[in-house]
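These notes are about the structure you will find just below.
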Amino acid sequence: MHIIKLHSSKILRVATFLISIQNVICFIDPVSMGVGIINLFPSIYNGLVDNTYCRYSECCNQRGIPANIKELKTRLSNNLYGQHIVLQHLIPALQAHFSPENNSRKPLVLSFHGTPGTGKNFVADQIAEALYEKGVKSRFVHKYLGRADFPLEANSHIYKERINQEVRKAIADCPRSLFIFDEVDKMPEGVFESLTSLVDYHTLIDKQDSTKAIFIFLSNTAGVLISDRLGNVINSGTLRDDTRIGHFEQILEKAAYNLDGGMKKTSLIEAHVIDHYLPFLPLEKRHIVKCVETEFKKWGSKPKENVVDSIINDAVTYDRTHGLFATSGCKTLDKKVAVEVMHPIY
């Protein structure tokens with residue numbers, strides 16, 4: 001038996017040749033993907049591609065999607081303030097989703113709710129950064145902004161079809177795609193109707209398995225309700241850190257279904273395909289202090305206590321009902337800190 005040794009350049013040429021043939025086959029007959037060379041020599045093909053092409057281009061494999069959930073937990077534990085419920089449920093949900101023993105019959109669907117500045121976007125971006133080698137810039141991460149991508153109520157039917165086509169195409173490209181829909185409360189009613197059949201149980205998208213995908217919806221809907229609920233629970237004698245998802249999940253589901261926005265009266269809720277409604281609790285002054293200190297650290301600066309207090313007193317207002325919760329959370333504090341760093345007045 002002769003052992004054939006190929007130089008890396010030759011391996012690259014072979015892999016490129018195989019990929020070219022695959023592309024030609026798919027161009028001629030898209031249904032034939034998975035047939036021919038890939039089926040005849042799957043281990044050879046995958047090995048060559050992983051060790052050649054995928055070293056220079058992002059691929060839908062373990063290198064491109066390392067799913068470093070342990071790193072995500074560390075980042076959130078160190079940089080997300082006041083959101084113990086999110087940590088308690090998000091990390092296990094992702095761990096289960098990426099577990100080899102996972103036999104779920106549907107994608108993972110998460111719905112984030114809370115007032116502005118409580119960390120919804122931060123968490124969504126950190127999920128992308130931890131799961132994908134290229135983070136939020138990965139071609140497998142698809143982010144939509146309510147007001148920018150779906151501005152006109154009259155075009156709801158067009159947006160609905162657009163989402164349907166783009167999600168199908170993305171999952172065909174990579175089953176482990178991530179979809180983030182921000183500003184759901186600013187989207188026209190009905191835009192998500194086409195998604196229900198794509199994220200429901202036993203779903204096959206163009207003969208592709210969709211159960212490995214993740215969908216995240218971000219909304220300010222029910223933010224005030226969360227604040228009121230938390231305030232009442234605290235006033236009844238329960239410590240903030242002892243609150244549980246059960247205090248909030250039902251009101252979130254009802255609010256998302258009944259209030260204006262992309263989720264209103266949607267079959268996504270009626271069909272019970274949203275796995276977790278996660279409340280982002282309103283932040284108190286102690287959390288805002290941590291946000292300000294964190295922003296100064298990014299500049300390599302350690303502020304004096306009076307500087308932190310001055311920024312908070314000037315930039316933060318509190319809810320009228322309880323007087324405890326910052327109405328805009330940590331939003332815009334980075335800009336306030338930047339001004340102080342560039343032009344200190346104390």
Side-chain angles (χ1 to χ4, degrees), residues 72-93 110-124 126 184-185 216-261 263 269 274-295 305-306 308-334 336:
L72 173 64
K73 182 178 180 180
T74 299
R75 290 184 185 181
L76 296 184
S77 298
N78 293 336
N79 298 287
L80 181 67
Y81 307 120
Q83 306 302 345
H84 65 284
I85 294 177
V86 173
L87 285 171
Q88 287 170 356
H89 292 269
L90 176 63
I91 300 303
L110 307 170
S111 189
F112 294 174
H113 297 264
T115 51
T118 50
K120 300 184 298 295
N121 273 286
F122 173 74
V123 171
Q126 289 301 310
V184 169
D185 50 310
I216 303 177
F217 301 93
L218 281 64
S219 174
N220 293 334
T221 298
V224 174
L225 296 177
I226 294 172
S227 297
D228 288 343
R229 178 63 170 158
L230 178 61
N232 292 334
V233 170
I234 291 175
N235 289 335
S236 69
T238 301
L239 296 176
R240 177 192 178 104
D241 291 343
D242 289 336
T243 56
R244 296 292 179 262
I245 196 169
H247 288 112
F248 306 96
E249 198 164 29
Q250 190 173 14
I251 65 172
L252 296 184
E253 184 175 1
K254 289 182 178 179
Y257 187 73
N258 291 305
L259 299 180
D260 289 340
M263 287 288 189
I269 298 177
I274 297 177
D275 300 299
H276 303 285
Y277 292 87
L278 296 183
F280 281 70
L281 305 182
L283 303 183
E284 301 171 35
K285 183 176 179 179
R286 59 191 171 108
H287 305 120
I288 303 300
V289 169
K290 291 182 178 179
C291 288
V292 173
E293 291 174 345
T294 297
E295 291 302 325
E305 185 176 340
N306 67 314
V308 174
D309 287 339
S310 177
I311 291 175
I312 291 176
N313 291 337
D314 291 342
V316 178
T317 57
Y318 299 89
D319 71 293
R320 294 181 179 179
T321 303
H322 303 283
L324 292 173
F325 310 126
T327 55
S328 58
C330 290
K331 204 166 187 177
T332 75
L333 290 179
D334 58 333
K336 305 295 184 183

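What you are looking at is a predicted structure, and each value in this text was computed from that prediction instead of being measured.
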Check whether Arg75 reaches the backbone of Gln126 with its side chain - one donor and one acceptor, N or O, closer than 3.5 Å. no
Check Leu281 against His84 and note the closest heavy-atom contact, atom names and distance. CD1-CE1, 3.8 Å
Could you tell me whether the side chain of Leu283 reaches within less than 4.5 Å of the side chain of Cys330, counting heavy atoms only? yes
Which atom names give the shortest non-hydrogen contact between Val184 and Ser219, and what distance separates them? CB-CB, 4.0 Å
Considering only heavy atoms from C-beta outward, does the side chain of Ile274 approach that of Met263 to under 4.5 Å? yes
What is the distance from atom CZ of Arg320 to atom OG1 of Thr327, rounded to the nearest 0.5 Å? 10.0 Å
Report the C-alpha distance between Phe122 and Asn79 in whole Å, list the side-chain angles of each, state the deciding distance to 0.1 Å, and finish with yes or no for side-chain contact (heavy atoms from CB on, under 4.5 Å). CA-CA 9 Å; Phe122 173 74; Asn79 298 287; 3.8 Å; yes
Might you work through the side-chain contact (heavy atoms from CB on, under 4.5 Å) test for Val123 and Leu80, ending with a clear yes or no? CA-CA 8 Å; Val123 171; Leu80 181 67; 3.8 Å; yes
Is the distance between the ring centroids of Phe217 and Phe112 less than 6.0 Å? no
Looking at every non-hydrogen atom in both residues, tell me the closest pair between Thr221 and Asp260 and how far apart they are. OG1-O, 4.4 Å
Determine the minimum heavy-atom distance between Leu87 and Pro92, stating which atoms define it. O-CD, 3.9 Å
Any donor-acceptor N/O pair, Gln83 side chain to Thr118 backbone, under 3.5 Å: yes
Value rounded to 0.5 Å, distance of CD1 in Ile312 from SG in Cys291: 9.0 Å
Would a distance-only check, ignoring hydrogens and angles, find a side-chain to backbone donor-acceptor pair under 3.5 Å from His287 to Gly329? no
Under a 4.0 Å N-O cut-off, is there an ion pair linking Lys336 with Glu295? no
Under the side-chain contact (heavy atoms from CB on, under 4.5 Å) criterion, do Leu76 and Leu90 qualify, and how do the steps go? CA-CA 10 Å; Leu76 296 184; Leu90 176 63; 4.0 Å; yes
Side-chain donor or acceptor of Lys120 paired with backbone N/O of Phe280 under 3.5 Å: no
Which heavy atom in His322 sits nearest to a heavy atom in Asn235, and how many Å separate them? ND1-ND2, 3.7 Å
Donor-acceptor contact below 3.5 Å, side chain Thr238 vs main chain Ile234: no
Side-chain (Arg240) to main-chain (Gly82) donor-acceptor, under 3.5 angstrom: yes
Quick check: closest heavy atoms across Tyr318 and Ala326, and the distance to 0.1 Å? CD2-N, 3.8 Å
Using modelled atom types only, decide if a donor and an acceptor are shared between the side chain of Asp319 and the backbone of Phe325 within a distance under 3.5 Å. yes
For the CG atom of Leu333 and the OG atom of Ser328, what is their distance to the nearest 0.5 Å? 7.0 Å
Treating His113 as the side-chain partner and Leu252 as the backbone partner, does any N or O pair qualify as donor plus acceptor under 3.5 Å? no
Does any non-hydrogen side-chain atom of Ile245 lie less than 4.5 Å from one of Phe248? no
Check whether any side-chain heavy atom of Asn220 sits under 4.5 Å from a side-chain heavy atom of Pro116, and report yes or no. yes
Around atom CZ of Arg286, are there more than 12 heavy atoms of other residues, nucleotides or ligands at under 6.0 Å? yes
Atom CD of residue position Gln250 - does it have more than 12 heavy atoms of other residues, nucleotides or ligands inside 6.0 Å? no
Check: Leu239 main-chain N/O paired with Thr243 side-chain donor or acceptor under 3.5 Å: no
Among Ile85, Val233, Ile226, which one satisfies side chain to side chain contact (heavy atoms under 4.5 Å, CB included) with His247? Val233
After noting the C-alpha distance and the side-chain angles of Glu253 and Ile269, does the key distance pass the side-chain contact (heavy atoms from CB on, under 4.5 Å) rule? CA-CA 7 Å; Glu253 184 175 1; Ile269 298 177; 3.8 Å; yes
Backbone N or O of Val86 within a donor-acceptor pair of the His89 side chain at under 3.5 Å? no
